[in-house]
Amino acid sequence: MNLILFGPPAAGKGTQAKRLVEQRGMVQLSTGDMLRAAIASGSELGQRVKAIMERGDLVTDEVVIALIEERLPETQAAGGAIFDGFPRTVPQARALDDMMAWSANRIDVVVRLKVDDDSLLARVAKRFEEQGRTDDNPDSFKVRLDAYNRNTAPLLPYYEGQGKLVEVDGMGSIDAVAQAIDAALAR
Ligand code: AMP
């Protein structure tokens with residue numbers, strides 16, 4: 001099974017992806033984690049994307065599509081892929097459909113975690129204090145939320161049109177959200 005965890009920044013996608021990895025042996029493909037690793041390693045890619053990410057803007061489609069393409073083969077050998085933070089634009093979603101089709105594969109379900117803006121702001125303020133992630137500062141977070149509303153939310157009709165969209169209330173506890181996701185995947 002291949003699934004997309006979809007939602008605004010700080011909706012809980014990473015947390016739920018990690019649980020699914022542990023429980024189902026799936027592979028988490030987080031473009032945000034891959035880009036942060038590139039920055040930490042000081043690679044040429046890392047140097048190119050650092051300022052963009054700190055501002056909260058999206059990096060180019062080309063960069064993230066290449067990162068995903070490189071990692072797709074390993075997901076097929078495992079129990080499938082969990083896309084976390086990818087796709088974030090319509091061209092990324094189209095590229096993902098094409099890449100999956102080349103290997104006779106497909107996205108099975110898109111789980112949308114719904115969390116209201118006030119809760120996102122409260123969560124990210126807490127995360128900023130606890131983890132100090134640079135792009136969780138209030139100015140960058142506003143840019144990230146704007147990018148979500150402008151570039152990523154338009155993917156909802158794209159996946160709804162494919163009949164793959166399932167909405168889950170992301171406001172509850174981690175366990176309650178996990179249960180709701182499991183129910184959605186069992187449908
Ligand atoms: P995330 O950890 O998913 O919140 O991503 C952190 C940052 O990495 C984003 O704010 C973007 O700057 C960049 N990023 C991650 N994934 C993507 C993507 N699919 N498309 C464009 N930029 C991305």
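As the structure lists them, so they are numbered: ligands from 1, and atoms in each ligand from 1. Please read these numbers as outputs of a predicted model, since none were measured by experiment.
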> Considering only heavy atoms, which protein residues lie less than 4.0 Å from any atom of ligand 1?
Replying inline: T31, G32, L35, R36, M53, D57, L58, V59, V64, G85, F86, R88, Q92, R133, D135, R144

> Between N2 and Q76, is any side-chain donor less than 3.5 angstrom from a side-chain acceptor?
Replying inline: no

> With R19, which of D182, D84, D175 fulfils salt bridge (Lys or Arg N to Asp or Glu O under 4.0 Å)?
Replying inline: D182

>> According to salt bridge (Lys or Arg N to Asp or Glu O under 4.0 Å), who are the partners of D61, at least two apart in sequence or on a separate chain?
In response: none

> Is a side-chain donor or acceptor of E167 paired with a backbone partner of K114 at a separation under 3.5 angstrom?
Replying inline: no

Identify all side-chain donor-acceptor contacts of residues 124-132 below 3.5 Å with residues at least two apart in sequence or on another chain.
unit_1: R127; atom_1: NE; unit_2: D136; atom_2: OD2; d: 2.8
unit_1: R127; atom_1: NH2; unit_2: D136; atom_2: OD1; d: 3.0

> Can you name the salt bridge (Lys or Arg N to Asp or Glu O under 4.0 Å) partners of K142, sequence neighbours left out?
Replying inline: D146

